Amino acid sequence: MNRREFNKSLVTLSGLGAGVSLGALPLSVFAAWPKNAFDAETTDAVAEALYGTNGAEASDAITFKAPDIAENGAVVPISLEADIANADSVAIMVANNPSPLTATFEMMNPGKPNVGTRIKMGKTSQLIALVRAEGKLYTATSSEVKVTIGGCGG
Amino acid sequence: MAIKCKAKMQGDAVEVKALMKHNMETGLRKDSKTGEVIPAHHITEVVCSHNGNPIFQCNMGPAISKNPYLAFTVSGPKAGDTIQISSVDNKGETDSGEAVVK
């Protein structure tokens with residue numbers, strides 16, 4: 001076997017390995033940056049890549065704080081609070097961004113999530129949150145945030 | 001120590017606020033002179049640790065604004081404890097900061 005073939009077999013092997021471990025532990029894959037989820041182009045695909053399911057239950061316990069009108073899409077301050085005990089993971093998505101996922105938040109000491117950041121929005125869109133608590137996935141959609149100047153370059 | 005951060009007790013939990021310095025290039029923008037795409041360069045992970053143990057992690061995509069601001073509440077640390085915040089970007093560059101819980 002020459003070097004090139006050897007490298008090829010390594011790639012195949014590691015690819016298989018990743019597939020197996022993902023299949024066995026969909027909820028505990030952690031620490032590595034979830035590139036698949038950040039590259040996904042639909043919110044369902046993000047949920048699938050992050051949590052292995054898109055069957056999230058709609059919840060009233062999740063509240064967003066976001067402007068109704070964001071003048072500058074490059075800097076939109078948002079925050080999220082959820083009255084859900086023992087949550088350990090939160091993901092915030094912008095439905096109309098080219099890649100919807102903005103960030104995920106992982107809590108090693110599960111509790112009620114309360115997170116805030118500033119995000120870029122390409123155009124007027126709703127925000128969608130996913131919160132995982134005790135293996136269950138909850139979701140909520142915000143009211144529309146109007147963007148007058150997009151923030152995704154171009 | 002380029003990450004500015006503050007930590008304050010809020011009941012039983014600690015409210016942490018952090019401000020990082022980073023360009024957060026999306027990889028979608030084009031250079032207006034050359035027309036070439038500016039490669040993506042953004043923070044990927046921010047970890048908050050207490051006594052050397054990670055207690056909170058944020059995975060960021062390129063859709064987080066330039067000079068990221070991050071606020072979160074986390075349980076564990078008590079007043080007087082020190083928490084560390086560190087970040088790494090998609091080119092492997094790291095940054096860090098720390099704060100004493102008030």
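Keep in mind the model is a prediction, meaning the values are calculated, not measured. Sequence lines set the chain letters: A, B, ... in the order given, protein chains first and strands last, and positions in each chain run from 1.
With A:T124 contributing its side chain and A:V147 its backbone, the two residues share a donor-acceptor pair below 3.5 Å. Side-chain atoms of A:K112 never come within 3.5 Å of backbone atoms of A:E81 as a donor-acceptor pair (strictly under, hydrogens ignored).
Proximity to chain A (any heavy atom under 4.5 Å) is shown, for B:I43, by neither the backbone nor the side chain. Proximity to chain A is limited to the backbone of B:K66, based on heavy atoms less than 4.5 angstrom apart. Interface remark: A:P77 contributes no atoms to any contact with chain B (heavy atom separation under 4.5 Å). Only the side chain of B:H42 comes within less than 4.5 Å of a heavy atom in chain A; its backbone stays farther off.
When A:N114, A:V115, A:V94, A:V76 are compared by the number of non-hydrogen pairs under 4.5 Å with chain B, A:N114 comes out ahead. The choice from B:L70, B:I55, B:V88, B:N90 that makes the most heavy-atom pairs within less than 4.5 Å of chain A is B:I55.
B:V46 is listed as a side-chain neighbour of B:M20, based on a closest heavy-atom distance under 4.5 Å. Residues A:F105 and A:T117 have side chains in contact (heavy-atom distance under 4.5 Å, counting atoms from C-beta outward).
The number of heavy-atom neighbours closer than 6.0 Å to CD of B:E36, taken from other residues, nucleotides and ligands shown, is 12 or below.
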